[in-house]
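Taking it in order: structure first as structure tokens, then the write-up.
Worth saying up front: this structure is predicted, and the values here are computed from it rather than measured. Just so you know, these numbers use all the heavy atoms, side chains as well, and skip hydrogens, waters and symmetry mates. The chains referred to below are lettered A, B, ... by the order of the sequence lines, with proteins before strands, and numbering in each begins at 1.
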Amino acid sequence: MKPIYLDNNATTAIAPEVYEAMQPYLTELYGNPSSMHTFGGQIYRKIQEARAQVSKLIGAEPEEIIFTSCGTESDNSAIMSALRVFPQKKHIITTKVEHPAVLNLCKHLSRRGYRVTFIPVDNLGKLDIDFLFKSLDEDTAIVSIMYANNETGVIFPIREIGYVLKERKILFHTDAVQAVGKIPINLQELPVDMLSLSGHKLHAPKGVGALYVRKGVRFSPFIIGGHQENGRRGGTENVASIIAIGKACELAEKHITYESSYLSKLRNKLENSLIEKCPDARINGDRENRLPNTTNISFEFVEGEAILLNLDSYGICASSGSACTSGSLEPSHVLRAMGVPFTAIHGSIRFSLSRYTTEEEIDKVIEVMPKIIKSLRELSPYGKKKESKCY
Amino acid sequence: MWEYSDKLKELFLNPKNAGEIENPDAVGEVGNITCGDALKLTLRIDKNTNKILDAKFQTFGCASAIASSSALTELIIGKTIEEAEKITNKDIADYLGGLPKEKMHCSVMGKEALEAAIANYRGEKKQPYEEEKIICHCFGVSEEKIRKVALENHLTTVDEITFFTKAGGGCGACIKDIEELLKKIWSIKPAPQKIYPTKKLSNLQKIAMIQDIIENDIRPKLQADGGDLELIDIEGNKVIVSLRAQCTSCPMSNVTLEDIENKLKELVSPDIIVETT
């Protein structure tokens, strides 16, 4: 049975067009783009083509794109480069709700002599920008703020932050892994110095990402080796995947306007119906400023993993901020930073849609979800009574 | 995705004995919603035979918590209180065809609910919460619980303690305390399988027991590290020893003495004091 896949913020299906484009480079066209023969050299041209496709989607120049192995590498490269370029500066600013790729790196650096400011968010997941601006000082090496949150879909005011940082001449990186391909981004008008993106979040395969570094911004490589990527990232290119991410960006660019209205319509139907049919359910995050494909809903008094496994028995894939799903016992740091009560965090479910999501699939979820919530609440000692004390 | 057994998945999707017994003879409630799981066990018990006639559960928690609760009720129905008391968290996990190690705390929660229900049936008052020494403040796990679960399941690492009790799985501030506690629990291992009586001891029995522990348990351990000690005298609860060999010059000898005292306190009597000559 084909799954009803509503976990596209975790990873996406490889688009058929993307698969087709990359296939020859996994088989007959195996040359090394650095080689001094046509068999290899032709591959180099394909990589440059992919670079142009990626840059076009985000309004960049091809030379501003460095291919990496994943979003995490892009994030790490950006932050570590800033620290090497400004060795005298020991202050980093980021948010409390970043993806672990940035959050855990910053926590790691805070144990290595760096001062890190983690900017809080409000109940809707909106960033405290005043706090951010007040935290800036002469010692700040880099500010790294995600473009859109992976758990709630909440979009941060990158442009507004960027203008201030540009004036203060402070390096600005954004982890746009969840945003690229879902909402339009134009770096010609967006004052950002570095931007991370990942292939497998936009229908390319896993294992490929890119880092945008604005022309003129000093960059110190993270992986040191050969002259690949203009000496900015050593290592023989992941050719097939680079071609794939190029194709995926081209597709995203072509469809982005239509898709975002299609997805937000489906997403709104899903969340409105679930809120209506399930008592004690709430949306987590600012509904005004959100990715079109994401909804995060808390079903009070039930536990997320139990919901997921019930959904799984219907072939429905989603994810949860519950502690039980993480293996770490700690419920979602994003929802905790938003002050969502523990009762609601444990029962939080994220649905993230893609261009391949159909209305029939959404209807199926709307049909089964209320039944699942009802049966789990009947099992729960909290099902009937309301616990007022939660923190 | 967790590696759940088919039995577990089956019991999760179709749990047995879910619900609440009206006017139950015993109630056991453990966990809370903040921690992510909670279990309320209600029992119907035949007061003449102490037999558990019926058991029902209500659980807030993940699949393994729900399946563990269901397994618990199936394990205890038809047993007497005395028989049920012997059920361990391992029995619950085994009944489910095993649990992922990170989920062992679900089986511990089942065992605790049973203990709470039995205590409730017997009219025993639970120790007030404040009096217990809490090690993990994120999940409210007491030293006593960690000690008990560690000994029952032979847990020796902080990770294992976290998997079985959740302690240390939150902010991580208590990880050092857990390490210390584990050191205390396992610093001098009890003589293999020897069971010491829990009844009040006569003086003679006490002396014999202290001698036995020092000779067969503590001294071999010290000798292995080039140290030694001699039992000089026992006056009431005061055990007087003299350090020998490398122990005399060892900067850690205070810790050693404390370990010995704790060991004797645990195995013989809580009033024991160890002194050196």
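- Here the closest heavy-atom approach between residue E305(A) and residue S64(B) is recorded as OE1-N, 4.2 Å.
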Do L376(A) and I66(B) pass the side chain to side chain contact (heavy atoms under 4.5 Å, CB included) test, and can you show the C-alpha distance, the side-chain angles, and the key distance before you say yes or no? CA-CA 10 Å; L376(A) 285 173; I66(B) 290 170; 4.0 Å; yes
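- Atom NZ of K90(A) is surrounded by more than 12 heavy atoms from other residues, nucleotides or ligands within 6.0 Å.
- Here the side chains of L309(A) and W2(B) are not in contact, with every heavy-atom distance at 4.5 Å or above.
- S69(B) does not touch chain A: none of its heavy atoms, backbone or side chain, sits under 4.5 Å away.
- For NZ of K51(B), the number of neighbouring non-hydrogen atoms (other residues, nucleotides, ligands) closer than 6.0 Å is 12 at most.
- Using a 4.5 Å cut-off on side-chain heavy atoms (C-beta onward), L379(A) and F12(B) make no contact.
- Of all heavy-atom pairs between P381(A) and A38(B), the closest is CG-O, 4.3 Å.
- Minimum heavy-atom separation, S380(A) to Q58(B): O-NE2, 3.9 Å.
- Counted within 6.0 Å of CD on E258(B), heavy atoms from surrounding residues, nucleotides or ligands total 12 or fewer; the atom is thus considered open.
- Applying the 6.0 Å contact sphere to CD of E22(B) captures no more than 12 heavy atoms from other residues, nucleotides or ligands.
- Looking at heavy atoms from C-beta onward, L13(B) lies in side-chain contact with S313(A) at the 4.5 angstrom threshold.
- Here CZ of F342(A) is found 10.0 Å from CG of N32(B). Values are rounded to the nearest 0.5 Å.
- Under a 3.5 Å cut-off, the side chain of E303(A) and the backbone N or O of F60(B) do not form any donor-acceptor pair.
- Looking at P100(B), neither its backbone nor its side chain comes within 4.5 Å of chain A, counting heavy atoms on both sides.
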